[in-house]
Amino acid sequence: MAARGSEFHPDGAAAASTLLRRAVELDSGSRYQEALVCYQEGIDILLQVLKGTKDNAKKCHLRQKISDYMDRAEDIKKFLEQEKEDGKYHKQIRIEENATGFSYESLFQEYLNAAVTEVWIEDPYVRHTHQLYNFLRFCEMLVKQPCKVKTIHLLTSMDEGSGKGQQTSGLEEIKESLSKHGIELEIEFSSSIHDREIRFNNGWMIKIGRGLDYFKKPQGRFALGYCDFDLRPCHETTVDIFHTKHTKKI
């Protein structure tokens, strides 16, 4: 796919110019998902500029530029849709050390819709108190989202130390609570699990380097980020997002 150049710099549209230059850079680097977002935002701003432009020559030029960018954005959209159909879609998000704004809602909501009825989670570390709370928060998100989840499959490892009782009782309590919302939690333990993966039955698969446990410990019980995880600093990790026609089951 070949990106078009961005040479247009209209007065009063510096933001659009910056966005569209960035779109072309991302496009040229084959980072199509990010490029599409920049194209769309830049086009929206140019449309506002067009509404306020009186000069006919400038209006004609703007319309042509908007048309060119819209054509390119549409090409990328079709390409990404085909990638999804072919099972080749891949998007990567890098979470930097101490970055914020990566709550489960912010990270997953784009991939959850009414078609999601079943979820598979592979994470070897759903053991300690804070990890159990992470899993609980993830389940709460599934209950609140527009998806109609009926079954959650959890594959994790058993805590063979002093925390075994806490892990077992915590997961059973989450299971009982979910059942009151009409959701069945199926729990399976494996001593050989290493992968961290989340799959939805609408075809989305998300692999997080640190699993669900990518948040840092809050600085205090009354510090910002203790409750709102969009304000909680994160450990550095990578999120890889794929789309496949068929989601394998654990």
Side-chain angles (χ1 to χ4, degrees), residues 26 30-37 77 79-97 99-127 130-157 171 174 178 183 185-188 190 193-216 229-230 232-250:
L26 292 166
S30 300
R31 294 166 64 180
Y32 299 125
Q33 185 68 44
E34 295 166 89
L36 180 60
V37 173
K77 191 181 296 184
F79 176 78
L80 292 174
E81 286 300 322
Q82 189 60 51
E83 289 279 279
K84 292 178 188 177
E85 284 297 310
D86 295 342
K88 297 177 182 177
Y89 179 93
H90 179 213
K91 174 182 178 181
Q92 186 174 81
I93 299 170
R94 296 184 186 278
I95 300 178
E96 303 294 338
E97 186 77 8
T100 56
F102 291 98
S103 67
Y104 296 143
E105 285 84 356
S106 297
L107 198 58
F108 293 105
Q109 64 183 0
E110 181 181 346
Y111 311 104
L112 293 169
N113 55 35
V116 178
T117 59
E118 203 165 2
V119 179
W120 295 265
I121 301 135
E122 291 184 16
D123 192 325
Y125 297 107
V126 183
R127 302 179 184 177
H130 74 281
Q131 294 166 344
L132 289 165
Y133 275 124
N134 285 340
F135 179 62
L136 175 60
R137 289 187 185 93
F138 181 79
C139 291
E140 288 174 337
M141 175 195 68
L142 294 176
V143 171
K144 291 190 298 181
Q145 288 296 327
C147 48
K148 310 296 182 183
V149 174
K150 295 299 180 185
T151 309
I152 299 172
H153 306 267
L154 172 65
L155 178 63
T156 189
S157 60
L171 288 174
I174 294 172
L178 283 168
I183 300 174
L185 173 61
E186 295 185 354
I187 305 165
E188 185 179 344
S190 170
I193 178 176
H194 296 290
D195 291 343
R196 297 164 174 84
E197 192 170 286
I198 295 168
R199 298 189 292 276
F200 305 130
N201 69 329
N202 62 351
W204 289 108
M205 177 169 62
I206 296 98
K207 295 186 176 185
I208 308 174
R210 297 181 62 95
L212 293 173
D213 191 11
Y214 59 85
F215 296 107
K216 288 194 168 184
F229 273 49
D230 268 322
R232 178 77 69 90
C234 299
H235 292 287
E236 181 179 351
T237 193
T238 301
V239 182
D240 287 286
I241 300 157
F242 305 89
H243 189 277
T244 56
K245 284 185 177 180
H246 304 287
T247 305
K248 70 169 185 175
K249 296 188 178 183
I250 292 172

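As the structure is a prediction and not an experimental result, all values here were calculated from the model. Starting from 1, each residue takes its place in the sequence as its number.
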task: Indicate yes or no: at least one non-hydrogen side-chain atom of L178 is less than 4.5 angstrom from one of V143.
output: yes

Residue pair M205 / E197, side-chain heavy-atom distance below 4.5 Å:
yes

- Query: Does the side-chain contact (heavy atoms from CB on, under 4.5 Å) test come out yes or no for E110 and W204, once each step is laid out?
  - Reply: CA-CA 10 Å; E110 181 181 346; W204 289 108; over 6 Å; no

Closest heavy-atom pair, S106 versus G101, reported as atoms and distance to 0.1 Å, is CB-O, 3.5 Å

Nearest heavy-atom approach of R232 to K216 is NH1-O, 2.9 Å

So F215 and Y104, would you call those rings parallel, tilted or perpendicular, with 30° and 60° as cut-offs? perpendicular

Subject >> Heavy-atom side-chain contact between L185 and F135 under 4.5 Å >> reply: yes

Here the gap from T156 atom OG1 to I193 atom CD1, rounded to the nearest 0.5 Å, amounts to 6.0 Å

Applying side-chain hydrogen bond (donor to acceptor under 3.5 Å, both in side chains) to Q33 and not counting sequence neighbours gives Y89

Checklist entry - When you check the side-chain N and O atoms of D213 and H130, is any donor under 3.5 Å from an acceptor? => result yes

Closest non-hydrogen contact found for L212 with N134 is O-ND2, 3.6 Å

When rounded to the nearest 0.5 Å, the distance separating OH of Y111 from CG of N202 is 11.0 Å

Legend entry - E122 vs R199 side-chain heavy atoms within contact, under 4.5 Å: yes

**Message:** Quiz question: by atom type and distance under 3.5 Å, do the side chains of E118 and H153 form a donor-acceptor pair?
**Reply:** yes

Next on the checklist: Are F102 and Y214 an aromatic pair, judged by ring center distance below 6.0 Å?
Outcome noted: no

query = With a 4.5 Å limit on heavy-atom distance, are the side chains of P124 and R196 in contact?
reply = yes

CD1 of I187 to CD1 of I174, rounded to nearest 0.5 Å, is 8.0 Å

(Q) Do V116 and N201 have side chains that approach each other closer than 4.5 Å (heavy atoms only, starting at C-beta)? (A) yes

Checklist line | From CA spacing to verdict: side-chain contact (heavy atoms from CB on, under 4.5 Å), I152, F138 | finding: CA-CA 11 Å; I152 299 172; F138 181 79; 5.7 Å; no

d(W120 CH2, L155 CG) to nearest 0.5 Å is 13.5 Å

For A99 and I95, the nearest pair of non-hydrogen atoms, with its separation, is CB-CG2, 4.2 Å

Practice problem: Measure from the ring center of Y133 to the ring center of F229 and say whether it is less than 6.0 Å. | Solution: no

So CG of L132 and CZ of R127: to nearest 0.5 Å the spacing works out to 11.0 Å

Indicate yes or no: at least one non-hydrogen side-chain atom of L112 is less than 4.5 angstrom from one of L142. yes

Rounded to the nearest 0.5 Å, the CE atom of M141 sits from the SG atom of C139 at a distance of 8.5 Å

Quick check: are there more than 12 heavy atoms from other residues, nucleotides or ligands sitting under 6.0 Å from OH of Y125?
no

- [ ] Considering only NZ, NE, NH1 and NH2 on the basic side and carboxylate oxygens on the acidic side, decide whether E34 and K91 come within less than 4.0 Å.
- [x] no

Validation row: V126, I121 side chains within 4.5 angstrom (heavy atoms): no

Here the salt bridge (Lys or Arg N to Asp or Glu O under 4.0 Å) pairs for residues 132-143, sequence neighbours left out, are none

